[in-house]
Every structure is written in C-alpha cells, then in structure tokens.
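Here the structure is a predicted model, which means the values were calculated and not measured.
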Amino acid sequence: MTGHADSGRCESPLLGNRSLAPISPQHPGWAERREPRRPVAVLGGGDFARSLAGRLLTAGHPVVVGSRLPSAAAALFPPQVDVTTREGAAGGAARLVLVAVPRDHFNTLVPLAEALRGKVVVDVSNRDRRGDPGPSNAHVLADILPEARVVKAFNTLSAWSLQHGPRDASRHVHVCSDCMEAKAEVMQLARTLGFTPVDMGSLLSAHELEEMPLRLFPEWRMPVLLSLGLATGVYIYAFLRDVIHPFIVKQRNEFYRIPVELVNKTLPVVALMLLSLVYLPGVLAAVQQLRYRTKRRRFAPWLDSWLHARKQLGLLSFFFAALHAIYTLALPLRRSYRYGLLNEAVHMVHKRIDTTWNDEIVWRMEIYISLGIMALGLLVLLAITSLPSVSAALNWREFTFIQSQLGCVALTISTLHALTFGWRRAFEPQRYHFYMPPLFVLALPLPIGTILGRLVLQLPCLQRRLQRIRRGWEDDRHMQNIQDYNELTSIL
Amino acid sequence: MTGHADSGRCESPLLGNRSLAPISPQHPGWAERREPRRPVAVLGGGDFARSLAGRLLTAGHPVVVGSRLPSAAAALFPPQVDVTTREGAAGGAARLVLVAVPRDHFNTLVPLAEALRGKVVVDVSNRDRRGDPGPSNAHVLADILPEARVVKAFNTLSAWSLQHGPRDASRHVHVCSDCMEAKAEVMQLARTLGFTPVDMGSLLSAHELEEMPLRLFPEWRMPVLLSLGLATGVYIYAFLRDVIHPFIVKQRNEFYRIPVELVNKTLPVVALMLLSLVYLPGVLAAVQQLRYRTKRRRFAPWLDSWLHARKQLGLLSFFFAALHAIYTLALPLRRSYRYGLLNEAVHMVHKRIDTTWNDEIVWRMEIYISLGIMALGLLVLLAITSLPSVSAALNWREFTFIQSQLGCVALTISTLHALTFGWRRAFEPQRYHFYMPPLFVLALPLPIGTILGRLVLQLPCLQRRLQRIRRGWEDDRHMQNIQDYNELTSIL
Amino acid sequence: MTGHADSGRCESPLLGNRSLAPISPQHPGWAERREPRRPVAVLGGGDFARSLAGRLLTAGHPVVVGSRLPSAAAALFPPQVDVTTREGAAGGAARLVLVAVPRDHFNTLVPLAEALRGKVVVDVSNRDRRGDPGPSNAHVLADILPEARVVKAFNTLSAWSLQHGPRDASRHVHVCSDCMEAKAEVMQLARTLGFTPVDMGSLLSAHELEEMPLRLFPEWRMPVLLSLGLATGVYIYAFLRDVIHPFIVKQRNEFYRIPVELVNKTLPVVALMLLSLVYLPGVLAAVQQLRYRTKRRRFAPWLDSWLHARKQLGLLSFFFAALHAIYTLALPLRRSYRYGLLNEAVHMVHKRIDTTWNDEIVWRMEIYISLGIMALGLLVLLAITSLPSVSAALNWREFTFIQSQLGCVALTISTLHALTFGWRRAFEPQRYHFYMPPLFVLALPLPIGTILGRLVLQLPCLQRRLQRIRRGWEDDRHMQNIQDYNELTSIL
C-alpha cells in the first residue's frame, strides 16, 4: 500500500477511472487501492442529474446530490450516492458543483450563492427553442451566483449518451468559462468520464453552446429545398411532355412511365443543374473582384451564403447522379423493356427484316454511357473527399485540387454526357411536344454557361489580373503565393 | 546561438522533435541548436524495446537501454543508444523508464525497486488471451515496484506502427495512472513521438487497456452470426422451394439458379428482417416503459444488448440490401436471361402472337423497382451518417433524426417494395410448393409488425404518456425537453 | 460585476471567445462582462495579416498591427484594429507577436530584435517550392531574432480558412517551438481561434511544417502513375486484339467497341493486377526474412516504399473494380446489345431453331457473375476500413484482420472470378489472334503467383520459422505475441 500512499502524494484533484465495468470481485484489493477522491456535487433530481450521478460513480467519483426533496429523491439514485439538501450539497466538501436545474428554476438557487462562493459551478441546462435572444442560461446563472466560477458544459450531451457512454453521437463535451482554472478542471472531469473536452473559450460562447443541441441541419435547409423544388418542377415538365402529350395527341397510354422513366429523366437534370450551381458562384465572385478591381469588397450576402452552400449542393448533386445511375441500370429489368424487345423481334420477323443496325445510334449510346460512368466516378471521388475525416487529412492545396480542378472536369464530362444524349435531337422540330423542348435542352444552359465562364477567367490576361487583385499588397507577394493559389482555386 | 541559450531557459522536461527525417547534412547547425534532453530509459531487448528506442531517437531523446545481457543486446540497437545493465539504466539520470518486459518476467524487476523509487515507470506489456481475470499487468508491476509511479501506456500500439510512425491504424496512445503528473509526462512523451494521447483515468483502466489489442470486433459477433444464420436458413428454404420442388414434381432442372437467383432471393429477405430488428427493440422498450409506468426500471439484459446492437444490425442490413441491388442489376447479364428472351421471341412467332403486353405486370415491376431504389438511397444515407467522423459532426438531434425518422421511412419503403414484389401472389395456392409459402411471405411479418408497433406508439394518448414517463420528475421538465426528445427518438 | 472581478482573479493569459457572431446588441452587458485582454500584435499588411487580425478580433482579442506604412495599411484593417509602426507594435504591450512577413523580407525585422526580446514570436510564413534545402524560415527568423522565443504555427492554414473559420479543410494548426511555454501559449491561442492545435515538437519540425501546404498527394503519385500506365498498355493490347484483328482479318468493323467494351476489358485486368500488387510485397518481405534468417536486416528501398504504397494500390484497385462493375451492369443498356439480341432472335426463326440453351455457358456466367459481386462486396469492406475515421476506431488486430485476411479472400475470389470468365478459352488456339492470348491470360499470373506464395508461407514449418524470426529474442516471447501477430499479418 505504501506504493499507493506514495503515488497518492502527487496532487490529483480528480483521479478518474474510465473503465465502465464496475469493480468486479475478481480483482481483489482494487477497492482499497483507490485513495479517496474529492466528491462531486450534483444539484437537481431529474433525468440528467441521475445520468450525471451514475456516470460519475462509474468513473469512481463520490457523488453528493442536492435535492429540494432529499427523501423523495433518494429513491431515484443508486445507494452509493449521498442524497442531501441543496444547501448541504452546495456547502459540502465538493469543489465541483454540477447544476442540473432548468433555467426557469434558477431563482431557487439564489440562497446558495454564499455556499457556492469560489466553487466551480457547471451549468448543464438547455433551452426550449432556437434563436432565443437575451443572455445565455450560463450568464443568468453567473448573475445569480456572482462569487461562483461558472462553467458551461455537458449540455450538448443527452441523458442517453451520458448513461451509455459516448457512442455513435459526438463524444465531444464543449466547455466554456471566463475562468481558465475552472474550465481546466471541468475539462479534466469530462476526460475522466470518457468524453473529449473541447475548449470553446470564454463564457460568451455559452449562447452558442446552448444553440448547438437545437440545430437540425441548418446548412442543408436551403440546398435541400432548392433541389426538391427543382426536382418537382422538372418532374411535372417531363410528365406533361412525355405522358400527357402522347395521351392527348396520339391517345397513347404511357402512364406506366411515371414510377421509373420520369423519375430517371428528372434526376440527371437536377444533378447537372446542382453541380453547375457549385461552380457558378465562384465565377460570379471572380467577376465581381475583376469589376471592382479589389478583393476587399464584401460579396453580396446572397453570393456569400451561396459560396458557403457549395459543399451541400455538390453532395446533393452526387446523390441525384448516383440515383440516376441506379435507375438507368435498372431499366432493362422492367417488364415493359422486355415486352418492347419481344414485340420488336416479332415485328422484324413479320416485316421480313433480317438484321437491324444503326451505326450512329450505336456510337451515340456507347459514348453516352461511357461518359456518364466517368462523370459518376469523379463525383464519387469528390464525395469521398468531402467526408470530414478525409478532408481533414488533406492540406488545403490537395483539398482544392480535388474539389475545384477535378470537380470542373466532372462538370465538363457530365455536360458532354448530356450533349451526347441529346445529340441532334435538340434540332428536330418533332421533339418539341406542345412546343416544350426536350428536358436535356433545359438542363444544358446552366452548366455550359458556368464552363464558359471559367474558361474565360482562365484567359492569361484576366487570370493575371485576378492573381494581382487577390494578392493584395505588393509587400508580401511571396508569402501569399500559396494562400492566393488556395483562394483562387477555392473560389474558381 | 545565444537565442537558443535563451529559449533554452524556458523549462521543457521533454523537448520533442517529431520530424521523422534524420537530421540531414543540408541543415547546418541543427545539431548544436538542440540543447541536451534528459534521457529516457528502456528496460528489455525485444522487438518492442527496439521499436521504442528507435522512435525515441528519431524524436530526439537520448535513450538508455537496460538489458540483462548488455553485450548481446548492444548489437541489436542503433549505435546512438547507450546499452547498459538494467540496474544502470534504472538507476541512471532517466526520470522516465519504459518497461518492455513480459509479465512473466516481472519478478526479475524486483531488485530494481529501490533504483526506480519515485520514477515514472511505464508498463507497455500485453496479455496472451482475453478475459484473463486477476489484476492487470500494471497492477502487478505496481505491487513489485511500490515506490515507483506506474503508468500504463503504449501497449495498444504495435512494434510495426511504432517503427513506421502512426499510419492507418489508430494513432491513439491510451494512458492511465494513479499519478496525474506521471500520466501528464507520459502523455507529453506520446505527443512528441507523434501520437495522440488519450487519458483513460486511473490505473484501474489498465485492465481495459490490456484487453484492447486483443479485441476482434466483439460488438459485431452476435449481429454477424445472426445474419449468417438467417441467410443460411433462407437460402436452404429457397433451394428446396425453387430447385428441388420443380425437379421432383416437374423433373425440371433448375439447378443453374443456385449461384445467382437463390442468392438474390436470400439477400433481400435477410436485409428486410435485419432492418426491422433495428427498430423492433425500441418498440419493445417503449412497451415495457408504458407497462411499468416508469423509465427507471432496467431493461432485460437481452433487450439492452439488442438495443446496443442496432447500429451493427443496421449496417449489415444495408450491406445485404446493397448486394441485393447489384445482384438484381446483374440479372440481365446472365446467359440464361438471354436464352429466355430469345426462346420467348421465337415462341411468339410460332404461336402467331403479334404483340405481348400485360399492364398489371408492367405497373407492378415499375413501382417495385422504383421503391427498391428509393429504399436503397435512404439506407445509404443511414450508412454514411454511421461513419464515425460524420456522426461525430452531428448533434444528437440530427443524428437521431437521420437514424430514427429516416430509418423508419426506409423500413416502410422497403416493406412496400416487398409487398409490390409479392403483389397478389401470396394468395395464389399454386405458389405454395410443398405448402411452402413464397419467401416474401416469410419476410413480411417482422417489418409489418414493427411498423404497426411504432404507429400505435405514435397515438397521441400513448405518446403523451411516454413523454411523461420519460420526462421523469415534474421538477425539471423544461431542462429535459431536449434530452427527452432525444431519448424518445433514439429509442423509437 | 464583482462576480466577474472574481472570475477575473483566476489568471487567464488568453481569454478566448470562439463564438464567431459579433457581440450582438440583444445581449446587454456582455461587453463589460469581458475583462480587458492583453493585445496580440501582427506584423505585416498582407492578406494573411488581415485574416489573422480579423480572426483575432472575432475571438475577442485586441489587435495591434505593425506596418511599414501604417497610414496606407490602416485603410485595409477593420477600425477596431490599432495600426501602427512595426516598432510600435513590436515594442508594445503585446506578448504574442505574429510575424506575417514573407521570408525574403525577414531582414527588415532585424531592427526589431531588441523590441522582441523574450516575446513569443510566431512565424506564419511559407515557402514557394518544395524540397527547398537549407534551414527553415522559422530557423532563419530565430537567427535574426536571437532573444525572441520563436514558434512556428498557422502556416498550414490558408487566408481563406482563417477568414471563414475552420471548414471542410483541416482544422488542425501545427505548432512547433523549442520553448514549451511559448508553444503552449500559441496552442492556447489557436484553440481560442477555434482550431485544434497539434504539438509538433521542437523547432526542428518547422521544415516539415513548411513543406506541408506544398504537398500534393506525394504518396499517391507512384501508384496512380503505375495504374494509368498499366491501363494504357492493356487498353492498347485489347484494341489491337479485338478491333484491329477482326478489321484486318475478317474486314469486320468493331470500332464501336472502343468507348465501352474495351474500357470494360481494361478495368478488371488493372484492378486484379493492382490488388495482387498489394499482397505481393508482403510475400517478398517474408521471403527475405526467411532467407537472411533475421528481421533486423533493412528491406531494399524499393521493397520498403512498395510496402508503404499498399494502401493506395488497394484503393486504386477498388476504384477500377467498381468502375468495372458499373460498366458491366451498363452493357445491356447499349443499343448494340439490343440489336444483337433482335438479330439473333430473327436468325433463330429463319434457321428454324425453336429453343436455344447451353448449360455450360449458363453455369459459367452464373458462377462468374456471383463471384464478381462477392469480390466487389469484400473490396468495399476493405475500402471502408481504409477511411481514416474508421481505421482509427479499430485496434491493430481488427485492422489487419480486415486488410490482410479479408483482403486475401477478396484477391482469391477475384482470381476465381477471372478464371471462370476465362474458362477453357485459354486453351482454344482460335482465341490467339495475332498469337496474342486473351487478356485474362495476361491478368492471371500475378495474382495466382501471389496467392501461391502466401499459401507456401502458410506451411507450418515456414510459418513457425517466420514466427521465430519475427519474435526476435527468446527473452520476451510472451510480450511480443500480439505485436508479432500484428506484424506478421500486416506484412503477409
């Protein structure tokens, strides 16, 4: 034991034991081996308080729970927990006090202000709805407990992940406080509980922390709505053109096209449009910089948010393109396809046609298919490098090389894919049912425009001017080379 | 050089240099620029000792190796290493002593107990087999060296990754100790060696650390066995029904169906069953909570481990579904498909059938295919958000939205996919070969039951009660809103 | 406010506020709540200086900018920034001085040496081209400012990511210095700016840091060139054999095969060769170890770099295999396929053939397709476990189990896939156009050789010897068990 007396000598405010397995009988002497730890106090008796207490126990921390109804609360906690009054818990030996009380009940903490003087008080509370103005819960608590060293932490965790240990969801515990020591202690506690603390700076970030668990893909909203809108529009267009038109004009029942063919006509159009929307804003940004001969000028808000939505637009474009690929590959599985083949064969026999072969159509299809697969292959690369862990492993130059250079190659190939699909048909009047041009005609202007725009910006004269504009001051040309290159490629 | 004398003034117990490239001649004056560092001692002469020594050298640490046969060992280490006796190494200037000695030889360290008094002793040893009861190697070492400050670390690394730097495998070095300072020093060492230290709390975690490198997908065992079992059963069932039956009854040789068709009949059934097994336990958990009017009551162990296996079940379901998609798309590639088409065409000609078209079958196939692709698309989203780096980037609400809401939509669409495939055929007696119902009839009860169960739980009355039960105490309703929502969705 | 005086009492050199949103009016009293922070100085007026200043402001740090032309520079910075002379900024209250000056202008800093005595000077500069010998920028700066405590940091970031916060690209800020305190301060600063600092040890790593942003997939260069070379060769070979030969010999125009069929003949061959190149070097390494009866002997450089390129080779092989799968599934979409079918049907009718069926060909195709899909499924698993976040979640044993065991199963199945495709045709003379054997004949020797090599090494006698060789010293067999197992599997 001396050994542990000895190792006990080195100060350790919070000696954690992360092993979630309770001390099992097989390990004799483990119990004594652990020297007493300073207890941690928890105020509140709700789910979250219970989860915290449980987690602290498994981590080997003595836990004192302060409740307004100790007798009632006692039943809800494991026996090892010492359940007492709030005053008792706040005033006790615990230097760390976790306040698991909802904001609306913060006022009930006023009497504890004196007892909590100088202690590390952790606010784990959350808000009910987003965009709630006014000070954060943590700041309200800091005003109620002026002498306490308030830390905001653990609110991004759910009772669930506290009970079951960090699992699939984020294992990060965001911590912020105006007091470095207090923050450091709480971060150490988070570590011993098996989480990864993230320093979020001063208590000013509390507001941000309290917004975190309420977010639901804010950065995806616009792109998703946009692509769904596009898809609906295109689908209706295709429905009118390919189902209603033949039905009215030729009394042909083509409604069976609704589930697969029309969907498969919609997907590629949307995918191609979204992909060009990824690279169009960069062109516009460059144009503005050329126009105003400066990079200092802020972009218009719409352009700025567009620039920031490029990743989402790209991933959605890939998603639609992948679905398009699967739908296309599934075409021959359809019974309608089989019937078509059989009927054509019988027709040939009746018409005494011995062989059929149209070299032009054959070539068109072969090229069209090959281009499509290549474009998809490139889009897959783009999608993979968008994975957090992959993009984090790339330096900025590599990332922009993939996302910008390869991305534009993908855009070009996809456009060629659409062009070979269209072939000459854009110029055949009979294709214009109800004067509605074929879908691919609608799909092409946007990508072609984007590609031309980029080509124009590649002109030596313009590019040199852009470089100069983006380089800013003469003074530090050299140092900026890389950053410029990055910005350049990241915008273009 | 004064500058470096100066920068030398700031205390740095371990000044690390992670650049793996040896000091190259091109950089004149680098050598002198590094002020002397305190040496690190390594006990043992095995692979791991050598790897450690090599790594420490590249990081710029003087290394003293303590061996029982210094003369023999010297040959095995690079010349810069000072190879001496164990007593010499342990008693020397080194404050950090890495013990690369197998547990069975720990007793040979007893004589060093005095020399190692107060030093930081790092146990890097591992065990031979899993589930070995009794104290961890680190605790044994701590008993042998009572005055030393024992730290467990580096055992999760392999000699390979030590030699070649952290590569594909984890770059994490798990560290645990009862002494905070000792732990901090070892974590700093790990950092200078280019690894990411992970604080695992007190020496109690040593047991967990020693189990780590021995694990082989424990959380996957059950789900994989289950799905393999399911697959085998379904495959045999399909074999009897679709190959043996026609062979016996109609003397038709259908054995060619074995490699592709039967596999492709098995995959979707297993995928659908596994997917419903992901959402069924949540329903059961909710039912129990409703029954006992409390959430405090522990779930039965089988239910608990089932709840924890949902991620694996989901990924396996996706894997089977994806294979099913590829197999289906590959069907027209088969020669048997081509022969079937040709023979049917010839048959039509002979039977003077001019055209063939069955609107019902056409519609069934179109819908069936479209639903299948949509279900697959959703499953892909679920799989992607299960990637560690992606799910870590989501907050709990977003994660549960995808995994729970979208997941159930995927389950519903997959079930509709199977229903449209089945169509009316479940009610055609001639489908019951040997009284065995078609496969899809076996596949459907589980998912349909799960979906109905969830629908029932969505009833306002039940949902409100569940909410109340899960909210627990009146006291902290507000704070719990989010956590409840999370738990709710993460269970349902 | 006393509360904040109090929380102010705890020392916090850098109180950070990461919330990127500026202090909004809705939060009354936030401003005064933040006690004054020590200013940070930035030398230079370029893009990067501006981005740093902006970022520091949002993080709540007062910023002093030192410029050679303060009057001109002032216009370029936000009003809150105090723009002064370099001497003023260097000599001021700031303890942290960020030097955003290109290396070529370092000499202009000589006059500041005295003012910067003892201060933390952060060099953020980069180089123009790679492999530049000679001391790093940071060392040059350290020689110019002998009394300063030089830290290298932030150079891996781009002005772009500084302005817009860490986004897709890495959020890591690599920091190195010979002074631990200085490094710690800069790491803390990086944290408050919302980045993740990475300790790269002593200033010796500066050279490595300055190379980082210039890298462009160095580890991919060789594998990509190799596979592109292979692909070109195989494609030309297929072109001569399948297009030129029939054109010359039978005057048959088969040029339409160029876009799809020839590509789809090339992809699988390259994929299979690359996959065997993943496992061949391990065999060679083992052979060398057996030959020299030692593992100490270094591998030849070519073998070593080959061993390190296995991951890239494997991923490229998977990429080619996946493209092969899509191309194959797309075959029935081609018009040429449709024409072929129709003509064959008509031909049958004319030739009075009632039914066509070749059991051998049917079986060959069914097996061939099924094996191909299984191989692809395994390769997907390998690819997924190569994702950084996934492989980091595996222990070495799990990682090598997937990459080595499953990988070899995948190699074997792919080889069988090619064999069933080839069937007997390798032995039919008429297959040898221009005496050129079919492609699959060229593809097979490499994988078959690799597989046989591995099988031979599995022989008990050899394996036991390998184990002994790899185990090294008798002394620590037990401890090495796992590491050996790992190395063994990681090499084989």
Side-chain angles (χ1 to χ4, degrees), chain A residues 133-135 142 146-147 149 178-181 199-202 204-205 207-208 296 311 328-329 331-332 341 344-345 348-349 354-357 361-363 365-367 369-370 373 377 386-387 389-393 395-399 401 472-473 475-476 478-483 486-487 490, chain C residues 2-4 6-7 10-12 15-19 26-27 30 34 44-48 60 76 101-102 104 125-126 128 156 158-161 168-171 191-192 212-213 215-217 256 259-260 263 323 326-327 329-330 332-336 339 341-343 345-346 349 387-389:
Chain A
E147 302 297 331
R149 304 192 289 170
D178 287 339
C179 168
M180 291 308 233
E181 284 70 33
D199 184 339
M200 299 288 283
S202 83
L204 285 170
S205 308
H207 201 268
E208 199 186 345
R296 321 250 164 280
K311 178 183 178 180
T328 311
L329 294 174
L331 292 178
L341 255 175
E344 192 170 344
M348 280 172 68
V349 174
D354 286 6
T355 66
T356 169
W357 188 274
I361 303 184
V362 165
W363 271 96
M365 292 290 281
E366 308 267 339
I367 296 172
I369 289 169
S370 205
I373 298 174
S386 305
L387 288 172
S389 63
V390 177
S391 54
N395 68 34
W396 190 260
R397 190 182 167 197
E398 293 169 327
F399 180 74
F401 169 79
W473 260 21
D475 181 358
D476 40 12
H478 294 280
M479 186 186 73
Q480 292 309 315
N481 276 355
I482 293 109
Q483 275 84 15
N486 293 342
E487 251 190 76
S490 73
Chain C
T2 45
H4 297 281
D6 165 73
S7 73
C10 52
E11 308 309 334
S12 44
L15 266 185
N17 150 28
R18 204 177 130 296
S19 80
Q26 325 154 321
H27 309 99
W30 277 25
R34 295 155 56 194
D47 263 353
F48 208 66
L76 304 171
V101 173
D104 308 27
S125 67
N126 269 315
D128 294 353
T156 52
S158 69
W160 174 265
S161 60
D168 307 318
S170 172
R171 45 166 60 256
R191 223 173 268 112
T192 61
M212 276 187 181
R215 286 204 207 103
L216 189 60
F217 299 108
Y256 75 90
V260 174
V263 175
L323 283 179
I326 303 178
Y327 267 99
L329 293 173
L333 298 172
R334 298 171 308 147
R335 190 48 72 107
S336 50
Y339 288 146
L341 253 175
L342 292 169
N343 296 334
V346 174
V349 174
L387 288 172
S389 64

>> So, taking the atom named OG1 in T328(A) and the one named CG in L329(C), what distance separates them when rounded to the nearest 0.5 Å?
In response: 11.5 Å

> Y256(C) vs W357(A) aromatic rings, parallel, tilted or perpendicular, using cut-offs 30° and 60°?
Replying inline: perpendicular

> What's the spacing between E344(A) CD and L341(C) CG if we round to 0.5 Å?
Replying inline: 10.5 Å

>> Rounded to the nearest 0.5 Å, what separates atom CZ in R215(C) from atom CD in E398(A)?
In response: 8.0 Å

>> Given 3.5 Å as the limit, does a donor-acceptor pair link the side chain of N395(A) with the main chain of L216(C), or not?
In response: no

>> Quick check for you: among D354(A), V390(A), I367(A), which has the greatest number of heavy-atom pairs under 4.5 Å with chain C?
In response: D354(A)

>> Counting heavy-atom pairs closer than 4.5 Å to chain A, which one of L323(C), I326(C), L333(C), V349(C) comes out on top?
In response: L333(C)

> Among side-chain atoms of S370(A) and Y327(C), is any donor-acceptor pair under 3.5 angstrom?
Replying inline: yes

> Could you give the distance from CE (M365(A)) to OG (S336(C)), rounded to the nearest 0.5 Å?
Replying inline: 8.5 Å

> Relative to chain A, which segment of A345(C) carries a heavy atom at a distance below 4.5 Å: side chain, backbone, both, or neither?
Replying inline: side chain

>> Any heavy-atom pair between the side chains of T355(A) and V346(C) that's under 4.5 Å?
In response: no

>> So which atom in E366(A) and which in V260(C) form the shortest heavy-atom distance, rounded to 0.1 Å?
In response: O-CG2, 3.3 Å

> Taking the side chain as C-beta and beyond, is there a heavy-atom pair between R334(C) and I369(A) under 4.5 Å?
Replying inline: yes

> What's the shortest heavy-atom distance between R397(A) and P213(C), and which atoms?
Replying inline: CB-O, 3.6 Å

